[in-house]
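Heavy-atom basis, side chains included; hydrogens, waters and symmetry copies ignored. Protein chains get the first letters and strands the later ones, always in sequence-line order, with residue 1 at the start of each.
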Amino acid sequence: RKEVEQDPGPFNVPEGATVAFNCTYSNSASQSFFWYRQDCRKEPKLLMSVYSSGNEDGRFTAQLNRASQYISLLIRDSKLSDSATYLCVVNRPSGTYKYIFGTGTRLKVLA
Amino acid sequence: NAGVTQTPKFRVLKTGQSMTLLCAQDMNHEYMYWYRQDPGMGLRLIHYSVGEGTTAKGEVPDGYNVSRLKKQNFLLGLESAAPSQTSVYFCASTGGTYEQYFGPGTRLTVT
């Protein structure tokens with residue numbers, strides 16, 4: 001089993017739709033969780049951190065479920081500009097500042 | 001504010017040649033990382049550094065060496081390039097918040 005798993009997609013959704021991605025992680029001792037966005041042939045950029053209490057930033061909501069060991073990302077009112085690959089990132093435990101990246105979920109928002 | 005910069009952006013090497021990739025950050029971050037990204041595999045950690053003068057191996061260190069002589073710079077060296085090292089290389093840095101900031105990447109082709 002991979003340490004961090006994501007559905008590769010692609011998720012093809014119409015503009016205005018709501019879409020959700022999940023990411024599962026295997027190490028229950030992981031402490032920090034993030035969603036990054038990566039556009040084609042570009043570097044990953046931080047979208048949002050995922051806190052135990054959940055996190056919302058405009059149209060984006062991230063949730064953490066420690067019991068089931070997954071994090072989720074919800075995008076409401078999808079825009080064409082949301083088309084990208086979304087990477088789930090989990091830190092390795094023990095504060096080593098090392099991270100495990102999922103392979104990403106590709107989203108296409110269609111006009 | 002430059003953030004994280006990488007040079008060069010593109011490079012083509014012949015098998016057996018050597019080269020050095022330079023990463024520079026202006027955010028006074030202690031932690032710096034070198035990753036490679038290959039299709040379907042996500043980002044994999046090559047080497048990392050937890051401060052000036054320190055380096056450590058990541059998941060895929062073979063064939064690479066690194067140096068962190070100055071806090072703001074992290075160099076990745078390929079001693080004898082192989083076709084398997086054809087990849088996109090990303091440098092990243094982290095401060096105290098665990099969030100990583102990435103450079104724009106170096107696209108390396110080894111023929």
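If you tally non-hydrogen atom pairs under 4.5 Å between each of Pro104(B), Gly40(B), Gly105(B), Gly42(B) and chain A, the highest count goes to Pro104(B). The candidate from Gly104(A), Pro44(A), Gly102(A), Ser32(A) with the greatest count of non-hydrogen atom pairs under 4.5 Å with chain B is Pro44(A).
Within residues 4-26 of chain A, no residue has any heavy atom under 4.5 Å from a heavy atom of chain B. Within residues 54-81 of chain A, no residue approaches chain B closer than 4.5 Å by heavy atoms.
Closest heavy-atom contact between Phe34(A) and Glu99(B): CE2-CG, 3.7 Å. Shown here for Gly103(B) and Glu43(A), the closest heavy-atom pair between the two residues is O-CB, 2.9 Å.
No part of Gln6(B) comes within reach of chain A, as not one of its non-hydrogen atoms sits under 4.5 angstrom from that chain. Using a 4.5 Å cut-off between heavy atoms, Gln37(B) contacts chain A through its side chain alone, with no backbone atom that close. Of the two parts of Leu45(B), only the side chain, counted from C-beta on, holds a non-hydrogen atom closer than 4.5 Å to a non-hydrogen atom of chain A. When heavy atoms are compared at a cutoff of 4.5 Å, Arg107(B) approaches chain A solely by way of its side chain, counted from C-beta outward.
Residues Met19(B) and Val60(B) fall within the same hydrophobic cluster, defined by Ile, Leu, Val, Met, Phe, Trp and Tyr side chains chained together at heavy-atom separations under 4.5 Å. The hydrophobic cluster containing Val50(B) also contains Tyr33(B), counting ILVMFWY residues as joined when their side-chain heavy atoms lie under 4.5 angstrom apart, directly or transitively. Clustering ILVMFWY residues whenever any of their side-chain heavy atoms sit less than 4.5 angstrom apart, transitively, puts Val88(B) in the very cluster that holds Tyr48(B). At a threshold of 4.5 Å between side-chain heavy atoms, the hydrophobic network of Ile, Leu, Val, Met, Phe, Trp and Tyr places Leu78(B) and Phe90(B) in two separate groups. Placement of Ile46(B) and Tyr35(B) in two distinct hydrophobic clusters is found when ILVMFWY residues are connected by side-chain heavy-atom separations under 4.5 Å, directly or transitively.
Once rounded to the nearest 0.5 Å, the distance linking OH of Tyr31(B) with OH of Tyr99(A) reads 8.5 Å. The OG1 atom of Thr103(A) sits 10.5 Å away from the CG atom of Leu43(B) when rounded to the nearest 0.5 Å. Annotation: the span from Phe102(B) atom CZ to Gln38(A) atom CD amounts to 8.0 Å, rounded to 0.5 Å.
Counting non-hydrogen atoms of neighbouring residues, nucleotides and ligands closer than 6.0 angstrom, the CZ atom of Arg68(B) exceeds 12 such neighbours.
Counting only distance, with no hydrogens or angles, the side chain of Tyr36(A) and the backbone of Gln100(B) share a donor-acceptor pair below 3.5 Å.
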